[in-house]
Amino acid sequence: MDPFTIIAAATAAFEGVKKAVELGREVQDVYSQLSEWAGHVGDFHKAVAAMEMREKKPGLFDKITFAKSETSEAFDMYAAKQKIIDMEKEIYHMFTYGELSHLGRDGYDEFRRMRREVTEKRQKMIMDQMAARQEFFEAIKVWGIGGLILAAGSFMMWLMIDWVLSQGSAAGKW
């Protein structure tokens, strides 16, 4: 999904949050709406990162084309990021002065701390996986080169033994 479709879904989810709060729904319902919104925001950040990766690393023989002009794409990205910032500000307002004020600033700070912890754990998992993959491919290289050297050495030994035996049988010594 492209980032702009995702931001539209995040906006719709955020409107759901505001409606749930306005209607005085149960706190759990508000939390589930906030969770849905946060999921869309996370998808947006992943899509933006994927776009940046594609732009940085085209294939060697791939034709490079772009759907939009630089200005249009930059403006769309800026507008989407600004919209997320505005939504975050509204959520902060809900926690401090609005409908979620019973949780207060401490509730908002706890939410942000937990989000930061989850982000750090996920980044660590990604880095650990990248390191494990690198170790795996390094091991394959080492074992592959070692296997090739062993195979070449064995082949050379076989050739030498065959040559010695053929020399001996030609001279009638064996």
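Sequential numbering from 1 along the given sequence is applied to the chain's residues.
The ring-ring contact (aromatic ring centres under 6.0 Å, His included) contacts involving residues 128-150 comprise nothing, where partners must be two or more places apart or lie in separate chains. The side-chain hydrogen bond (donor to acceptor under 3.5 Å, both in side chains) pairs that include a residue from residues 155-165 number zero, where partners must be two or more places apart or lie in different chains.
Considering only residues two or more places apart in sequence or on other chains, Glu120 meets the salt bridge (Lys or Arg N to Asp or Glu O under 4.0 Å) condition with none of them. Gln82 is linked by a side-chain contact (heavy atoms from CB on, under 4.5 Å) to Tyr78, Ile85, Asp86, counting only residues two or more places apart in sequence or in another chain. Shown here are the salt bridge (Lys or Arg N to Asp or Glu O under 4.0 Å) partners of Asp128, two or more places apart in sequence or in another chain: Lys124. Residues meeting the ring pair (Phe, Tyr, Trp, His ring centres under 6.0 Å) test with Phe75, sequence neighbours left out: none. Scored by the side chain to side chain donor-acceptor pair (under 3.5 Å) test, Glu117 finds Arg113 as partners (sequence neighbours excluded). Under the side-chain contact (heavy atoms from CB on, under 4.5 Å) criterion, Arg122 pairs with Val118, not counting sequence neighbours. Residues passing the salt bridge (Lys or Arg N to Asp or Glu O under 4.0 Å) test with Glu135, sequence neighbours excluded: none. Judged as a side-chain contact (heavy atoms from CB on, under 4.5 Å), and not counting sequence neighbours, the contacts of Met114 are Glu110.
By the 4.5 Å heavy-atom criterion applied to side chains, Met130 and Gln134 are not counted as neighbours.
In this structure, CD1 on Ile145 lies 13.5 Å from CG on Leu150, to the nearest 0.5 angstrom. One finds the CE atom of Met156 at 7.5 Å from the CE atom of Met160 (value rounded to the nearest 0.5 Å).
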Can I get a per-line list of side-chain donor-acceptor pairs under 3.5 Å for residues 87-94, giving both atom names and the distance, sequence neighbours left out?
| unit_1 | atom_1 | unit_2 | atom_2 | d |
| --- | --- | --- | --- | --- |
| Glu88 | OE2 | Arg115 | NH1 | 2.7 |
| Glu90 | OE1 | Lys18 | NZ | 3.4 |
| Tyr92 | OH | Arg105 | NH1 | 2.7 |

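Using a 4.5 Å cut-off between side-chain heavy atoms of Ile, Leu, Val, Met, Phe, Trp and Tyr, Met125 forms no hydrophobic cluster with any other residue.
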